[in-house]
Number of protein chains: 2
Amino acid sequence: MMIDKYRDIGLKLTPQRIAILDYLEGNKDHPSADEIYKAISKRFPTMSFATVYNTLSTLREKGAVLELTIDPAKKRYDPETSRHNHLICVTCKKVVDIPVDFALELPSGARHGFTVMSNHVEFYGLCPACKKQ
Amino acid sequence: MMIDKYRDIGLKLTPQRIAILDYLEGNKDHPSADEIYKAISKRFPTMSFATVYNTLSTLREKGAVLELTIDPAKKRYDPETSRHNHLICVTCKKVVDIPVDFALELPSGARHGFTVMSNHVEFYGLCPACKKQ
DNA sequence: GTACGTGCAAAGGTTTTGCATTACA
DNA sequence: TGTAATGCAAAACCTTTGCACGTAC
């Protein structure tokens, strides 16, 4: 489980961090830092914003979560760190994983001298709930 | 030119808006609102932030600029509104246009009931300047 | 015991808003 | 002239930071 992954990285396992890891484990909602904070502080009232941000920042540095730049209003976090893409509702910003790998290659003429390392595809659309309105 | 496009939309052409349109015309830098403000206020000292944001917001609603959610720190704006993709330097956040259309299709099994409208590919890499360091 | 994490509050950066004034059409 | 944009300042958000205290190891 995720807690083992964290211990293997060699970081201190505090109750707050365990709560965050527990919340993220298998989470498919791509939550924001605020959502994570709100969810955990129900059961953990002394938890502070700074701890959430610190922990997310550490997890990102260790490659244990992805920081998604998908929603202009705030960063969102994804515990699924294997290569995948996303489908985003333009109305409610719901995000779902797309486990398909498109194996995109950039023609060398389009690389502008960059060393290309990776890519990410965002699909935009309307989710079932938003279509009804 | 862009000013004509703007007039055709039926909006008032103020000197401030003309300055913004002029700055964006053919601009390949994907500037942030702050960069637009700074560039224009050199020659137009009374220009306010609110006017830049109001104008960009109006242009976006009319489809005359794209708001890019590419840089976690701030929104960036792109006057090139035809379908294209982007290559981003992970170090300095330089963004260049990729005029290639990859014609990606999402397998229906991966659509989660969404109506898919469009997509956008982000390539990540190191630009020539950042590679040297 | 010590290095590192936590909590609190304040600050930083971007974007939005309210309202009186100004100016395009 | 009337409607809509501008300018200014304050506020709203999200995120980061400094520092004293607490705790995992």
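What you see is a predicted model, and the numbers here were worked out from it, not measured in a lab. In what follows, chains are A, B, ... by sequence order, proteins preceding strands, each numbered from 1.
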Apply side-chain hydrogen bond (donor to acceptor under 3.5 Å, both in side chains) to [X] and list each qualifying residue two or more places apart in sequence or on a separate chain.
{"X": "A:Thr46", "answer": "none"}
{"X": "B:Asp29", "answer": "none"}
{"X": "B:His112", "answer": "none"}
{"X": "A:Ser108", "answer": "none"}

*Quick one: is A:Thr14 getting a side-chain N or O under 4.0 Å of the C:dT6 phosphate, OP1 or OP2?*
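For C:dT6, OP1 or OP2 has a side-chain N or O of A:Thr14 closer than 4.0 Å.
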
*Not counting sequence neighbours, which residues clear salt bridge (Lys or Arg N to Asp or Glu O under 4.0 Å) with A:Arg76? List them please.*
A:Asp71

_Using heavy-atom distances to pick each residue's nearest nucleotide on DNA chain D, tell me which of B:Lys12 and B:Thr46 is more 5'._
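Nearest nucleotide further toward 5': that of B:Lys12.
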
*Indicate whether the side chain of A:Asp97 and that of A:His86 have a donor and an acceptor atom separated by less than 3.5 Å.*
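Note: A:Asp97 and A:His86 side chains meet the donor-acceptor criterion.
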
*Any salt bridge (charged side-chain N to carboxylate O under 4.0 Å, His left out) pairs touching residues 43-61 of chain B, not counting sequence neighbours?*
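Every salt bridge (charged side-chain N to carboxylate O under 4.0 Å, His left out) pair that includes a residue of residues 43-61 of chain B, provided the two are not neighbours, is B:Arg60-B:Glu67.
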
*Any salt bridge (charged side-chain N to carboxylate O under 4.0 Å, His left out) involving residues 98-113 of chain A? Give me the pairs, sequence neighbours left out, ordered by first then second residue.*
A:Glu105-A:Arg111

*Any residue of residues 49-58 of chain A with a heavy atom less than 4.0 Å from an atom of DNA chain D*: A:Ala50, A:Tyr53

*asked:* Going by the rule side-chain contact (heavy atoms from CB on, under 4.5 Å), which residues pair with B:Lys131 if we only count those two or more places apart in sequence or in a different chain?
replied: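 Partners of B:Lys131 by the side-chain contact (heavy atoms from CB on, under 4.5 Å) criterion, ordered by chain and then number, come out as A:Thr115, B:Leu126.
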
*asked:* Using C1' atoms of five pairs at each end, report the bend of the helix from C:dG1-D:dC25 to C:dA25-D:dT1 rounded to 10 degrees.
replied: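 Axis-to-axis angle, ends of the helix: 40°.
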
*Starting from P on C:dG5, measure out to CE on A:Met47 and report it in whole angstrom.*
14 Å

*Euclidean distance, atom CD1 of residue A:Ile40 to atom P of C:dG7 [Å, nearest integer]*: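 Taking CD1 of A:Ile40 and P of C:dG7, I get 11 Å after rounding.
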
*Which two nucleotides bound the region of DNA chain D that has atoms under 4.0 Å from heavy atoms of chain B, read 5' to 3'?*
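Endpoints of the contacted stretch of DNA chain D: D:dT3 to D:dC8.
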
Show every donor-acceptor pair shorter than 3.5 Å between a side-chain atom in residues 47-56 of chain B and any protein atom, with sequence neighbours excluded, or say none if there are none.
{"from": "B:Ser48", "atom 1": "OG", "to": "B:Ala50", "atom 2": "N", "distance (Å)": "3.4"}
{"from": "B:Ser48", "atom 1": "OG", "to": "B:Thr51", "atom 2": "N", "distance (Å)": "3.3"}
{"from": "B:Ser48", "atom 1": "OG", "to": "B:Thr51", "atom 2": "OG1", "distance (Å)": "3.3"}
{"from": "B:Asn54", "atom 1": "ND2", "to": "B:Ala50", "atom 2": "O", "distance (Å)": "3.3"}
{"from": "B:Thr55", "atom 1": "OG1", "to": "B:Thr51", "atom 2": "O", "distance (Å)": "2.8"}

*asked:* Categorize A:Pro72 for me: base, sugar-phosphate, or nothing, with a 4.0 angstrom heavy-atom threshold over every strand shown.
replied: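 Here A:Pro72 touches no strand at all.
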
